[in-house]
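Here is the structure we will look at, set down as structure tokens.
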Amino acid sequence: MITRKRLTTGVGITLATLAAGLGTAIPAAADEAPAAPSPKVELVLDVSGSMRTRDIDGQSRMAAAKQAFNDVLDAVPEQVQLGIRTLGADYPGEDRKVGCKDTRQLYPVGPLDRTEAKTAVATLAPTGFTPIGPALLGAADDLEGGDGSRRIVLITDGEDTCGPLDPCEVAREIAARGTHLVVDTLGLVPNAKIRQQLTCIAEATGGTYTAVQHKEELSGRVKQLVDRAAEPVVTPVATEGAESCSRAPELKPGLFTDRSEIGEHRWYRVDVLPGQELRASASVAADRAVDNDYGVLLRAVTAHGREIVRGSEAGTGRTDVISSGLRYPKPEAADGDDGDGKPAAETVCLQLAHSFSAPASVKRSPGLPVELTVDLVDGPDNASDVAAFGLGRGWWLLGVLVLTGLVAGLLTGWLSRWRVAVWRTN
């Protein structure tokens with residue numbers, strides 16, 4: 001009995017020790033799990049003098065914006081780091097040089113203290129100029145750092161009043177940094193010139209423009225944009241194409257961004273193993289005033305310059321983005337490897353060209369935005385069929401259709417001549 005009691009006691013102590021060890025080990029493992037990068041959002045609010053105008057549901061534009069901000073601050077997801085920047089909020093004078101520098105960060109980007117942020121917004125009063133360009137540059141600096149998504153939401157009721165710094169050019173410069181910072185714009189006045197400028201800012205960075213005329217529309221749209229920042233997104237990797245294949249960067253499967261100036265060809269390289277199929281697509285955005293007719297060409301060629309396959313697409317001035325793609329399946333290797341027991345990869349050179357043109361007054365730099373997608377998947381059983389003009393195993397069907405059309409044409413012509421001959425005879 002004593003032996004059994006001692007054995008039972010020993011087993012109990014051992015189990016307790018293991019349980020304690022597991023209890024401490026599990027939280028430690030959980031603590032070591034990498035956390036997802038926090039998305040960053042900065043709301044940029046126009047506090048210029050025109051925001052006193054009372055044309056939004058019987059309230060001033062400023063009052064409607066404050067109410068929308070309060071609604072948004074109550075609904076910000078916990079994982080979002082949010083900040084607030086103002087423009088035209090502090091300088092009441094007439095000196096343009098001073099007024100066009102009037103932008104400051106009202107609330108720093110980081111974990112949100114809702115009470116503190118609401119208090120800061122409540123102190124704002126419509127004051128000065130509308131320096132949209134400097135405010136966007138300041139907001140881009142506020143959002144630097146980290147690996148999460150970045151988004152600027154600009155709310156304004158007018159055009160930038162601080163030229164010659166064009167806010168649309170500022171947006172292009174921000175996009176050219178390669179950080180994939182998106183700018184969404186909301187216009188409180190349905191004016192054609194304001195819409196044109198805000199649309200240009202948004203499109204230059206892959207964002208959206210929305211015209212709002214009611215409080216509910218404003219708060220609902222800002223909430224939607226903040227929530228969108230919290231959604232998982234694929235962040236493109238900035239790359240820089242070369243002037244030739246030999247100097248081109250090697251791309252792995254993924255999403256990439258680049259800039260291509262008018263009249264410029266960009267080259268990239270992809271290694272394709274036997275049995276894989278390369279799928280690539282490229283989109284070029286017309287983020288400035290370009291001539292009406294244009295096209296995009298994406299070619300896959302060997303390292304020696306022989307063309308493998310190509311894809312092309314054309315558009316008109318009604319199209320803001322034009323895309324083209326291609327597929328290249330590499331057959332399975334019959335024999336041979338690279339000396340390490342692995343099949344040798346083929347270097348495929350991707351050439352991206354476009355036929356955009358623009359008046360001499362349009363800036364060439366930075367180049368037009370390019371988005372390139374590269375994927376490598378398992379190839380089809382018979383790669384040579386698919387590679388031939390994309391017709392796959394449909395050559396026999398094409399031949400039958402051509403022959404049928406030829407025979408039908410001959411019969412129709414013969415019958416027509418016979419009917420004419422009979423008619424003349426009678």
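If you're wondering where the values come from, they're calculated on a predicted model, not measured in any experiment.
By the neighbour-count criterion of 12 heavy atoms within 6.0 Å, atom CD of E307 is densely surrounded, having more than that number from other residues, nucleotides or ligands. Annotation for D141: atom CG counts as buried by contact number, over 12 foreign heavy atoms lying within 6.0 Å. Within a 6.0 Å sphere centred on NZ of K101, heavy atoms belonging to other residues, nucleotides or ligands number 12 at most.
For the pair D291 (side chain) and D293 (backbone), a donor-acceptor distance under 3.5 Å is absent. In this structure, the side chain of R150 engages the main chain of L143 through a donor-acceptor pair within 3.5 Å. Between the side chain of Y107 and the main chain of D113, a donor-acceptor pair closer than 3.5 Å is present. Distance alone, capped at 3.5 Å, is enough to place a donor-acceptor pair between the D160 side chain and the I132 backbone. Judged purely by atom type and a 3.5 angstrom limit, K40 uses its side chain to pair as donor or acceptor with the backbone of G145. Listed for the R114 side chain is a donor-acceptor partner under 3.5 Å among the backbone atoms of V76. No donor-acceptor pair closer than 3.5 Å links the side chain of R299 to the backbone N or O of Q351. Between the R364 side chain and the V362 main chain, a donor and an acceptor come within less than 3.5 Å of each other. When atom types are taken as modelled, the side chain of D102 and the backbone of D90 share a donor-acceptor pair closer than 3.5 angstrom. At least one donor-acceptor pair closer than 3.5 Å links the side chain of K66 to the backbone N or O of L124.
When all heavy atoms of S324 and L298 are compared, the closest pair comes out as O-CD2, 4.0 Å. Across R104 and R85, no two heavy atoms sit closer than the pair O-CG, 3.2 Å. Shown here for A202 and T185, the closest heavy-atom pair between the two residues is CB-OG1, 3.9 Å. In this structure, V109 and D142 approach most closely via the heavy-atom pair CG2-O, 4.0 Å. When all heavy atoms of S60 and M51 are compared, the pair lying nearest together is CB-O, 3.9 Å. In plain terms, the two heavy atoms of A64 and L218 that are nearest each other are O-CD2, 4.0 Å.
Of the N and O atoms on the side chains of T210 and R221, at least one donor lies less than 3.5 Å from an acceptor on the other residue. Side-chain N/O atoms of D271 and T347 include a donor and acceptor closer than 3.5 Å. There is no side-chain donor-acceptor pair under 3.5 Å between R228 and T208.
Between R259 and D287, at least one side-chain nitrogen of the basic residue sits less than 4.0 Å from a carboxylate oxygen of the acidic one, meeting the salt-bridge criterion. Under the 4.0 Å criterion applied to side-chain N and carboxylate O atoms, E250 and K252 are assigned as salt-bridge partners. Ion pairing between a basic and an acidic side chain is recognised when a charged N comes within 4.0 Å of a carboxylate O; K223 and D71 show no such pairing. A salt bridge links D157 to R61: at least one charged side-chain nitrogen sits closer than 4.0 Å to a carboxylate oxygen.
The closest side-chain heavy-atom distance from F256 to P236 is not below 4.5 Å. Between T53 and L188 there is no side-chain heavy-atom pair separated by less than 4.5 Å. Residues P249 and Y268 form a side-chain contact, since some pair of their non-hydrogen atoms from C-beta on lies under 4.5 Å apart. P77 has its side chain within reach of V226: a pair of non-hydrogen atoms, C-beta onward, lies under 4.5 Å apart. When side chains are defined from C-beta on, I308 counts as touching T302, because their heavy atoms get closer than 4.5 Å. For the pair Q197/P167, a side-chain contact is recorded, criterion being any heavy-atom separation below 4.5 Å from C-beta on. By the 4.5 Å heavy-atom criterion applied to side chains, V370 and L352 are counted as neighbours. For the pair E313 and S323, the minimum side-chain heavy-atom distance is 4.5 Å or more.
The OG1 atom of T130 sits 5.0 Å away from the CG atom of D46 when rounded to the nearest 0.5 Å. In this structure, CD in E277 is found 4.0 Å from CZ in R327, a value given to the nearest 0.5 Å. Here I155 contributes atom CD1 and F69 contributes atom CZ; the two are 4.0 Å apart, rounded to the nearest 0.5 Å. Between atom NE2 of residue H354 and atom CD of residue E261 there is a gap of 9.0 Å, rounded to the nearest 0.5 Å. Atom CG of L112 and atom CG of L73 lie 5.5 Å apart (nearest 0.5 Å). For the atom pair T103 OG1 and L45 CG, the distance stands at 10.5 Å (nearest 0.5 Å).
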*side chain to side chain contact (heavy atoms under 4.5 Å, CB included) assessment of L350 paired with Y328*: CA-CA 11 Å; L350 294 177; Y328 167 53; over 6 Å; no

*Please walk me through it: do D375 and V377 pass side chain to side chain contact (heavy atoms under 4.5 Å, CB included)?*
CA-CA 7 Å; D375 198 8; V377 300; 3.6 Å; yes

*Does the pair D74 and K118 meet the rule for a side chain to side chain contact (heavy atoms under 4.5 Å, CB included), with working shown?*
CA-CA 9 Å; D74 284 333; K118 288 181 180 181; 2.5 Å; yes

*Show your working on side chain to side chain contact (heavy atoms under 4.5 Å, CB included) between R288 and V290 and close with a plain yes or no.*
CA-CA 6 Å; R288 63 205 69 180; V290 297; 4.2 Å; yes

